[in-house]
Amino acid sequence: MEIAKAYDPKEAEEHHYARWEASGCFAPEINENPDAEKFSIVIPPPNVTGTLHMGHALQHTLMDVLTRWKRMQGYKTLFLVGVDHAGISTQLMVTRQLKKDEHKAPQDIGREAFTEKVWEWKNKYGDVITRQIRKEGLSVDWTRERFTMEESLSTAVREVFVRLYEEGWIYRGTRIVNWCPKDKTVLSDLEVKEEKAKDGKLYYLTYPVKGTAEKLTVATTRPETMLGDTAVAVNPGDERYKHLIGKTILLPLTSREIPIIVDDYVESEFGTGAVKITPAHDPNDWEIGQRHNLEMLVVMNDDATMNEAAGPEFNGLDRYAAREKVIEEFEKLGLLEKIEDYDVTLPHCERCKTVIEPLLSEQWFAKMDEMRDQALKLLREENSPRFFPEVPHKKVYSMWLENLRDWTISRQLWWGHQIPAWYDKDGNIFVAHSKEEASAKAGTGDLIQDQDVLDTWFSSALWPFSTMGWGGSEPGAIATGFLDDEQKNPVAIAPGFDKTNDLQTFYPTDVLVTGRDIIRLWVSRMVMTGLKFTGEKPFDDVIIHGTVLDKNGQRMSKTKNNGIDPLEVFAKFGVDATRMTLAGSATGIDFAWRDEKVESYRNFANKIWNATRFCLMNSEGAKVDLQSLSRMSVPPAVAGGLSEPPATFSLADRWIISRLNKTAKAVDHALKTYQFHEAVQLLYHFFWDDFCDWYIEFVKDEIVGNADILVSENEIADKDVRVPVARARILTILEQAIRMLHPFMPFLTEELWQKLPGTSSLLHNAAYRSAEKTIMLADFPKCNEAMIDEAAESEMNAVIELITKVRNIRAEMNIKSGDKFTVHIAADRTFQQVFKANEPQILKLAKAEKLVISGKMDVPKASAKAVTANAEIAVPLEGLIDFDMERARLSAQIEKLDIELQRLHGQLSNANFVGKAPAEKVSELRDRHTEIEQQIKTLRINFYALI
RNA sequence: GCCGACUUAGCUCAGUGGUAGAGCACUCGCUUCACACGCGAUAGGCCACAAGUUCGAACCUUGUAGUCGGCACCA
């Protein structure tokens with residue numbers, strides 16, 4: 001069979017995904033083994049407004065590698081996919097569109113019509129990210145796709161809210177909150193980003209003390225808030241102000257009189273030692289206000305303009321205009337002491353970058369204390385979740401939990417889960433699962449539901465179990481199942497999908513893969529709610545991946561416009577090459593994006609393609625056959641025709657099979673410890689260096705059918721029998737390698753595997769025997785310890801070293817490629833045998849025409865020389881050799897070895913080393929010392945022979 | 001202010017208490033019948049700096065410098 005000369009990823013990417021999906025390979029139901037262990041992962045749901053970026057691609061690749069690997073091992077695998085409704089982002093997006101299309105604001109059309117619009121938008125544009133996920137090749141179960149706003153998940157949200165409320169963990173209260181004046185909503189601390197202000201100023205305002213000629217100076221970065229001052233505070237121990245305590249201030253620009261109070265919060269050394277107190281506009285001031293029973297005077301509206309309480313002159317002014325005006329007025333009054341430049345960091349809205357205004361506001365809060373304590377207990381007692389890498393994430397996680405504050409969970413938006421609380425005419429609150437239930441509680445149907453929605457992260461926090469049908473049953477009980485809102489989000493249910501079983505089967509999940517920025521926003525909250533509502537931790541392991549940076553090591557951002565679009569990279573180099581690049585960078589470490597890196601994996605993909613091409617071109621009469629890798633690989637009929645059981649394995653065969661098994665073992669270990677890059681390196685090295693560069697070259701003549709094959713000395717095998725055996729063997733080794741590569745390079749490997757003769761569902765893991773043939777379900781290769789052959793590895797290494805040294809002579813002596821020569825080899829009996837047995841390969845790969853193998857070197861002076869660990873090599877080059885050049889070559893080799901010899905000598909003559917180092921180490925170094933000494937000796941003899 | 005990470009070949013990065021590795025780039029040579037997205041052969045590093053622990057440190061400890069993060073505070 002012949003295939004194209006180069007790999008074209010596009011074709012494979014187009015064909016296989018749809019087929020996999022259609023044949024149910026992604027759904028756990030494909031697994032026929034009733035006793036199969038499960039493996040489950042939930043995707044961190046991307047925003048419905050999102051488009052794929054490199055961070056997703058990295059995260060998704062790691063999850064898919066794990067899932068495909070486990071699936072091939074016969075685990076009942078669920079990789080659950082879904083999308084987040086992304087409250088603010090989505091509302092902003094639809095608001096913008098509404099303005100553009102209909103020149104309307106949400107308020108113009110009302111809540112119901114607006115949310116209807118959002119659903120329309122979602123149904124029309126909300127699948128961008130999921131289509132992109134398909135392109136990535138993710139083996140997610142689309143039959144279980146979830147959306148945080150669908151009915152079943154909303155049920156879970158309401159259940160959690162009601163329970164927490166009833167237990168007293170959720171309350172409504174008036175606090176200073178982070179207010180975004182542009183989005184006009186409250187934000188949690190985690191949605192606020194501190195950023196340095198460009199030209200921060202500190203304003204010193206002077207306040208006259210009533211009944212004296214004295215004045216008191218306070219400093220502030222937000223002068224406009226002085227309109228809401230209700231006290232000035234000093235430290236109780238501050239001698240400067242002692243006599244003023246209890247007196248009052250005549251607050252300029254207002255007609256108000258405010259007290260001078262003492263509070264330990266004030267540091268005498270800082271600023272002027274006197275602090276203006278604005279309880280309604282600053283969190284610290286609010287606390288002081290609580291302690292001293294101060295008036296809370298709100299002087300701003302929700303759009304950060306000043307309100308009536310700020311006085312008629314300021315009413316309606318924007319906060320910055322008001323700031324200017326306050327300064328002007330103070331200046332006029334001679335009360336502005338000074339303005340200093342001041343480094344100040346200001347809170348910004350994560351979404352719209354507007355400066356946050358701390359504001360007194362009535363909101364819903366969740367007290368996390370009980371859940372926090374459970375999470376901390378889990379961490380301390382069971383070290384769960386385990387973070388990979390553990391440093392520094394474990395600490396970030398635990399420190400945040402330890403200092404956890406109440407969570408502001410309400411948002412002044414329309415898009416999201418509306419808070420299940422109803423108010424009667426008197427303002428009494430009834431929290432319930434539905435209006436009916438609330439009415440029953442209230443004894444009246446005349447109720448109005450709370451207008452706010454919940455923080456997007458509230459529903460995300462329930463993701464691992466709400467997606468699996470959790471409906472509010474008691475911890476540990478079987479899920480009650482869920483209902484889907486069919487009008488809005490119809491979900492196809494796979495045949496055999498038992499709605500009530502998912503939670504029981506797949507929860508808790510095995511591993512979570514996510515970025516470090518949401519450890520607190522999301523990971524911690526999943527742990528807390530998971531423990532409380534299911535009685536179990538939602539996952540054991542948390543892999544925190546690194547950040548993909550641009551090629552200059554900068555973070556990718558829209559403002560810098562330095563983002564790299566994964567889809568463009570897919571188009572240029574293929575999905576598989578991109579996945580290899582992402583999986584090939586060390587877990588948890590940031591790395592700069594380089595197209596060159598992808599290019600090298602693109603080349604690797606092509607290498608795999610061409611190695612397969614070669615095997616297919618020479619596959620007649622053979623097929624993939626696992627028996628061909630075991631010792632008794634010759635069919636009985638043939639074996640019967642020979643007098644002895646045949647030694648069918650050449651050195652190269654034993655070697656590559658040993659390497660294959662070692663690689664399987666190492667890959668398994670690497671993946672178990674989430675060292676994805678380690679697995680990538682192992683597979684790359686095995687395939688390219690071991691399999692292509694050496695094995696294929698060694699057996700090429702044999703499988704092409706050019707070579708006579710020696711069975712034993714003087715006995716040449718029957719080609720008709722031997723060639724197919726050799727072909728089956730190379731096909732099988734290739735097939736095993738491709739299987740191991742599949743989790744990383746799903747498209748290429750499927751494309752090739754389908755073409756290999758002899759592949760069928762019989763090669764599937766036992767759990768998938770009746771499924772349609774696909775490499776996705778092939779059994780993942782396991783190490784067979786019996787096939788690890790150290791003798792073969794060391795003998796093969798001797799042959800490789802020999803060939804390399806001869807090639808080196810050829811290159812350094814400038815011998816034309818067409819010129820053939822004789823190679824003399826001196827070695828001990830064992831290695832004489834080894835070299836003899838591999839003579840045809842050595843001749844071919846070293847481009848020599850004759851080998852002279854003996855126990856002692858005897859060649860003309862005009863020879864190029866080299867030594868290996870096991871042999872002395874000479875190539876007679878009468879007339880071609882330049883003695884000066886050869887001497888230089890030899891002395892360079894001697895010099896190199898001598899440096900090592902000196903170091904070894906130094907160590908071995910150190911009594912401390914010999915006395916204290918492990919005996920094994922000492923003898924290892926002694927052997928090495930002897931070996932190098934011998935090599936140097938040989939090289940020296942050769943060197944002096946040339947003088 | 002507190003905490004953390006990083007500093008290894010020209011570049012991007014692996015790595016280990018005892019011979020320093022890869023990919024790309026560079027140099028030289030190959031139209032070798034799977035692959036020039038290839039083959040072969042070189043070259044290139046006192047593993048940031050200093051001190052300590054150790055028989056032995058690039059690896060462990062401490063300090064210094066640079067780079068980058070996170071958190072807190074901000075009258």
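Per chain, numbering begins at 1; letters A, B, ... match sequence-line order.
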Which part of the nucleic acid, if any, lies within contact of [X], taking any heavy atom under 4.0 Å across all strands shown: a base, the sugar-phosphate backbone alone, or nothing?
{"X": "A:Lys816", "result": "nothing"}
{"X": "A:Cys692", "result": "base"}
{"X": "A:Leu202", "result": "sugar-phosphate"}
{"X": "A:Glu267", "result": "base"}
{"X": "A:Arg594", "result": "sugar-phosphate"}
{"X": "A:Ala611", "result": "base"}
{"X": "A:Glu924", "result": "nothing"}
{"X": "A:Phe604", "result": "nothing"}
{"X": "A:Thr804", "result": "sugar-phosphate"}
{"X": "A:Asp693", "result": "sugar-phosphate"}
{"X": "A:Ile589", "result": "sugar-phosphate"}
{"X": "A:Lys896", "result": "sugar-phosphate"}
{"X": "A:Lys597", "result": "sugar-phosphate"}
{"X": "A:Thr612", "result": "nothing"}

Should [X] be listed as having a side-chain N or O under 4.0 Å from OP1 or OP2 of [N]?
{"X": "A:Tyr265", "N": "B:C74", "value": "yes"}
{"X": "A:Trp400", "N": "B:A72", "value": "no"}
{"X": "A:Asn552", "N": "B:U12", "value": "no"}

Assigned partner base of [N], Watson-Crick or wobble definition, under 3.5 Å:
{"N": "B:A22", "result": "B:U12"}
{"N": "B:G17", "result": "none"}
{"N": "B:U61", "result": "B:A51"}
{"N": "B:G4", "result": "B:C68"}

Separation between the [atom1] atoms of [N] and [M], rounded to whole Å:
{"N": "B:U64", "M": "B:C71", "atom1": "P", "value": "24 Å"}
{"N": "B:C60", "M": "B:C55", "atom1": "C1'", "value": "16 Å"}
{"N": "B:U53", "M": "B:G17", "atom1": "C1'", "value": "12 Å"}
{"N": "B:U54", "M": "B:G18", "atom1": "C1'", "value": "12 Å"}
{"N": "B:U12", "M": "B:G45", "atom1": "C1'", "value": "16 Å"}
{"N": "B:C28", "M": "B:A43", "atom1": "P", "value": "15 Å"}
{"N": "B:G10", "M": "B:A50", "atom1": "C1'", "value": "27 Å"}
{"N": "B:A25", "M": "B:U19", "atom1": "C1'", "value": "27 Å"}

Closest nucleotide among B:U42, B:C74, B:C37 to the A:Tyr342 side chain
B:C74
Residue A:Lys395, side-chain atoms from C-beta onward, closest of B:A75, B:G4, B:G38
B:G4
Between [N] atom [atom2] and [X] atom [atom1], what is the distance in whole Å?
{"X": "A:Glu812", "N": "B:A43", "atom1": "CD", "atom2": "C1'", "result": "11 Å"}
{"X": "A:His905", "N": "B:G56", "atom1": "NE2", "atom2": "P", "result": "18 Å"}
{"X": "A:Leu401", "N": "B:C71", "atom1": "CG", "atom2": "P", "result": "15 Å"}
{"X": "A:Trp694", "N": "B:A34", "atom1": "CH2", "atom2": "P", "result": "17 Å"}

As a test of understanding, state which of A:Thr230, A:Asp229, A:Asp282 forms a side-chain hydrogen bond (donor to acceptor under 3.5 Å, both in side chains) with A:Lys276.
A:Asp229
On RNA chain B, more 5' by nearest nucleotide between A:Asp282 and A:Ile803 is A:Ile803
Residue closer to the 5' end of RNA chain B, A:Gly584 versus A:Arg602 (nearest nucleotide):
A:Gly584
Regarding B:C35, can its base be found pairing with the side chain of A:Arg613 as donor and acceptor, where the two atoms are less than 3.5 Å apart?
no
Aromatic rings A:Phe604 and A:Tyr684: how do their planes relate, parallel, tilted or perpendicular, breaks at 30° and 60°?
tilted
Indicate yes or no for a side-chain donor-acceptor contact from A:Arg659 to the backbone of A:Phe686 under 3.5 Å, with no hydrogens or angles considered.
no
